[in-house]
Undergrad: 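Below you'll find the structure I mean.
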Amino acid sequence: ALSDKLKKVLKDLRGESRLTPEHLELAMREIRIALLEADVNFKVVKNFIERVKTKAVGADVMEGLNPGQQVVKIVNDELVEMLGGTSSRLLFTSKRPNSVMIVGLQGSGKTTSTGKLSKWLKENQNRTPLLLSVDVYRPAARDQLAVIGKAIGIPVFDGSGLNDPLELCRAARKHCEQLGFDTLMIDTAGRLHIDDALMDELRNIKAEMQPTETLFVADAMTGQDAVKSATEFHNQVGITGVILTKMDGDARGGAALSIKEVIGQPIKFVGVGEKYDALDPFYPDRIASRILG
Amino acid sequence: FKGKKQIDADTLDQLEEILIGADIGVQTTMTIIEDVRKQVDRQTLKEVDELKHVIKQHLIDILEKATRSRGIASETAIPDDVQPYVMMVVGVNGVGKTTTIGKLAQRIKAEGNSVVICAADTFRAAAADQLAIWAERADVPLIQQKQGTDPAAVLFDSLKAAKSRNADVLIVDTAGRLHNKQNLMAELEKMKRVAQKEVPQAPHEVLLVVDAVTGQNGLSQAREFMKAAPVTGLVLTKLDGTAKGGIAVAIAKELNLPIRYCGVGEKAEDLIVFDPQAYVDGLFE
Ligand SMILES: Nc1nc2c(ncn2[C@@H]2O[C@H](COP(=O)(O)OP(=O)(O)OP(=O)(O)O)[C@@H](O)[C@H]2O)c(=O)[nH]1
Ligand SMILES: Nc1nc2c(ncn2[C@@H]2O[C@H](COP(=O)(O)OP(=O)(O)OP(=O)(O)O)[C@@H](O)[C@H]2O)c(=O)[nH]1
Ligand SMILES: [Mg+2]
Ligand SMILES: [Mg+2]
């Protein structure tokens with residue numbers, strides 16, 4: 001674990017009560033390696049190390065801690081602060097329906113998360129959701145959402161006969177207005193942030209539907225690329241929150257810090273399994289200790 | 001270091017960032033950079049272009065060593081007495097297994113083989129429907145059962161069907177599974193045993209599909225999947241994105257697993273045979 005590595009590296013600091021710049025250089029090297037191995041983006045690591053150095057230099061070694069443990073505490077606290085607070089609620093207005101857009105790269109877990117989130121909204125924010133798939137590309141994508149809706153008892157808009165995302169959105173919105181659904185959950189097709197036509201499609205859907213939340217669904221095992229995709233989705237479409245999926249795996253999850261750092265939006269939920277109740281609120285302290293390893 | 005000719009203090013740092021940024025990983029990157037630094041200090045390397053070439057060659061050596069160590073399992077070199085040649089496609093959730101099978105079926109059929117696909121993902125919503133569309137596109141038969149059936153049972157049926165139809169190749173789609181889930185890895189092991197019992201030496205090829213955006217967790221994925229099934233090679237998907245898939249280099253180095261194919265898009269033709277030179281050139285683009 002990082003604290004053991006630091007203990008070794010700083011062992012000759014025994015009896016000293018303050019962290020010196022020399023010792024910090026040694027410690028920062030170990031921390032940099034730990035964060036890179038946890039998949040935090042190397043630019044984010046650079047900035048993080050600078051911030052920690054500033055806070056740690058000259059800091060007292062607290063009673064009962066060895067210098068290595070003191071450094072870990074400063075790193076951990078800084079990581080928790082950067083990851084943001086727990087804000088596991090979605091924002092809504094009094095307009096009916098409100099729309100929630102679910103976006104992200106291929107295979108990240110959007111369709112599954114759409115099911116989980118709508119179940120969560122029904123049970124925790126008293127919403128009446130209608131599910132809509134505008135994934136007109138992936139084989140059986142709309143069938144997949146239909147099966148999920150049936151499994152969780154939440155209606156799915158039947159868009160058969162329509163093959164254009166905007167038309168599907170308008171029809172589903174009308175359906176909400178007529179039948180009283182207050183939340184339209186829009187599951188979009190996976191896409192690359194460098195695919196101009198598809199990023200354009202997202203902008204058009206957003207302009208038409210004016211969603212109160214646009215959630216970026218990201219895979220917890222994502223490596224250095226997390227910064228690129230998150231930045232592009234945020235700059236081109238505008239993200240209001242993040243769902244980090246597959247956290248029931250053993251990925252350290254450094255992508256969480258990278259994404260939060262570059263787009264500044266809260267990580268709202270964490271996917272922890274394939275079943276539709278496997279959605280947890282985001283707790284920064286848990287993710288921080290997981291990233292540090 | 002675009003346009004820079006001579007190596008200076010920044011050059012090695014920039015190269016280190018390219019390798020780390022490509023998900024090659026800290027350990028492999030440090031080994032390569034240290035090796036190169038020695039040559040720079042000894043003045044046996046003076047120019048940036050030479051340096052890039054040396055690093056690229058270092059990476060190609062890692063990738064080619066993995067290929068040689070395992071001998072290519074290849075559907076283009078199936079011995080005549082193997083029937084059917086059984087290929088299992090495995091990996092964690094959402095990496096592109098089902099789509100890759102759609103592409104492989106089309107490719108293998110075009111090479112003159114009769115292909116059958118087994119829909120052994122009986123868990124995920126609409127998994128069989130998704131695969132059915134791909135099977136239809138490749139015009140190959142699909143063996144499937146309803147959601148919830150034991151995947152080993154579907155595999156068993158598919159092996160019987162492939163044998164009775166004298167199919168050349170059986171491609172098995174499996175459910176996405178996280179490698180730290182013991183029960184799911186045990187299920188994979190059971191499927192391997194079922195295949196072994198029905199066809200000697202089966203599964204002849206086990207492809208582990210890895211998403212190009214995967215970070216260091218890709219190494220744990222490879223390690224754990226190799227314990228549950230005789231993985232023979234990797235398919236690196238979504239290389240049409242901005243991620244470089246460098247974790248495949250770490251996997252090649254540590255586990256000697258070769259990259260067999262790369263997924264470069266979502267259409268049936270978007271599968272290419274892995275080319276180490278092209279791949280390594282792409283890392284530096
Ligand atoms: N273990 C685990 N699996 C997950 C989680 N979230 C999603 N999955 C699985 O990940 C795979 C991909 O999920 P999808 O919901 O189809 O992903 P998607 O983003 O909609 O995919 P595209 O629409 O093709 O871009 C499926 O096998 C899901 O069951 C999670 O939190 N944990
Ligand atoms: N851009 C791109 N997308 C890909 C590639 N391969 C697969 N995909 C997409 O990735 C998503 C997931 O693909 P699937 O084939 O469903 O992945 P899977 O591993 O079978 O998923 P599960 O069975 O749910 O674990 C789909 O949207 C595919 O179209 C590729 O090479 N490039
Ligand atoms: Mg989807
Ligand atoms: Mg699949």
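Chain A is the first sequence line, chain B the second, and so forth, proteins listed ahead of strands; every chain is numbered from 1. Keep in mind that the numbers below use all heavy atoms, side chains included, and drop hydrogens, waters and symmetry copies.
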Undergrad: Do we see a donor-acceptor contact under 3.5 Å between the side chains of A/Ser108 and A/Asp219?
TA: no

Undergrad: Give, as side chain, backbone, both or neither, the part of A/Ile194 having an atom under 4.5 angstrom from any heavy atom of chain B.
TA: side chain

Undergrad: Among B/Met30, B/Lys238, B/Glu17, who wins on heavy-atom pairs under 4.5 Å with chain A?
TA: B/Glu17

Undergrad: Taking side chain as everything from C-beta outward and backbone as N, CA, C, O, which of these in B/Glu224 sits under 4.5 Å from a heavy atom of chain A? Side chain, backbone, both or neither.
TA: neither

Undergrad: Go through the atoms of A/Asp195 and report whether side chain, backbone, both or neither lie under 4.5 Å from a heavy atom of chain B.
TA: neither

Undergrad: Given that the side chain runs from C-beta out, which part of A/Lys246 has a heavy atom under 4.5 Å from chain B: side chain, backbone, both or neither?
TA: both

Undergrad: Taking only Lys NZ, Arg NE, NH1 and NH2, and the carboxylate oxygens of Asp or Glu, determine whether A/Arg32 and A/Glu25 approach each other closer than 4.0 Å.
TA: no

Undergrad: Looking at chain A, which one of B/Ile133, B/Thr242, B/Leu131 has the largest number of heavy-atom pairs inside 4.5 Å, strictly under?
TA: B/Thr242

Undergrad: Verify the distance criterion only: is there a donor paired with an acceptor across the side chains of B/Asp211 and B/Thr214 at less than 3.5 Å?
TA: no

Undergrad: Kindly say whether the aromatic ring centers of B/Phe274 and B/Tyr261 come within a distance under 6.0 Å.
TA: no

Undergrad: As an exercise: rank B/Gly246, B/Gly21, B/Gly176 by heavy-atom pairs under 4.5 Å with chain A and give me the winner.
TA: B/Gly21

Undergrad: Under 4.5 Å from any heavy atom of chain A, what part of B/Lys244 do you find: side chain, backbone, both or neither?
TA: neither

Undergrad: Considering only heavy atoms, which portion of A/Glu274 lies under 4.5 Å from any heavy atom of chain B: side chain, backbone, both, or neither?
TA: side chain

Undergrad: Determine, for A/Arg138 against B/Glu266, whether the closest basic-nitrogen to carboxylate-oxygen distance falls under 4.0 angstrom.
TA: no

Undergrad: Ignoring hydrogens and geometry beyond distance, is a side-chain donor-acceptor pair present between B/Glu187 and B/Asn183 at under 3.5 Å?
TA: no

Undergrad: Which atoms of A/Lys46 come close to chain B, meaning under 4.5 Å heavy atom to heavy atom: side chain ones, backbone ones, both, or neither?
TA: side chain

Undergrad: Where does B/Val213 contact chain A at under 4.5 Å (heavy atoms): side chain, backbone, both or neither?
TA: both

Undergrad: Salt bridge check, A/Glu261 against A/Lys43: does any charged N sit closer than 4.0 Å to a carboxylate O?
TA: no

Undergrad: Short question: side chain of B/Lys103, backbone of B/Ala268 - any donor-acceptor pair under 3.5 Å?
TA: no

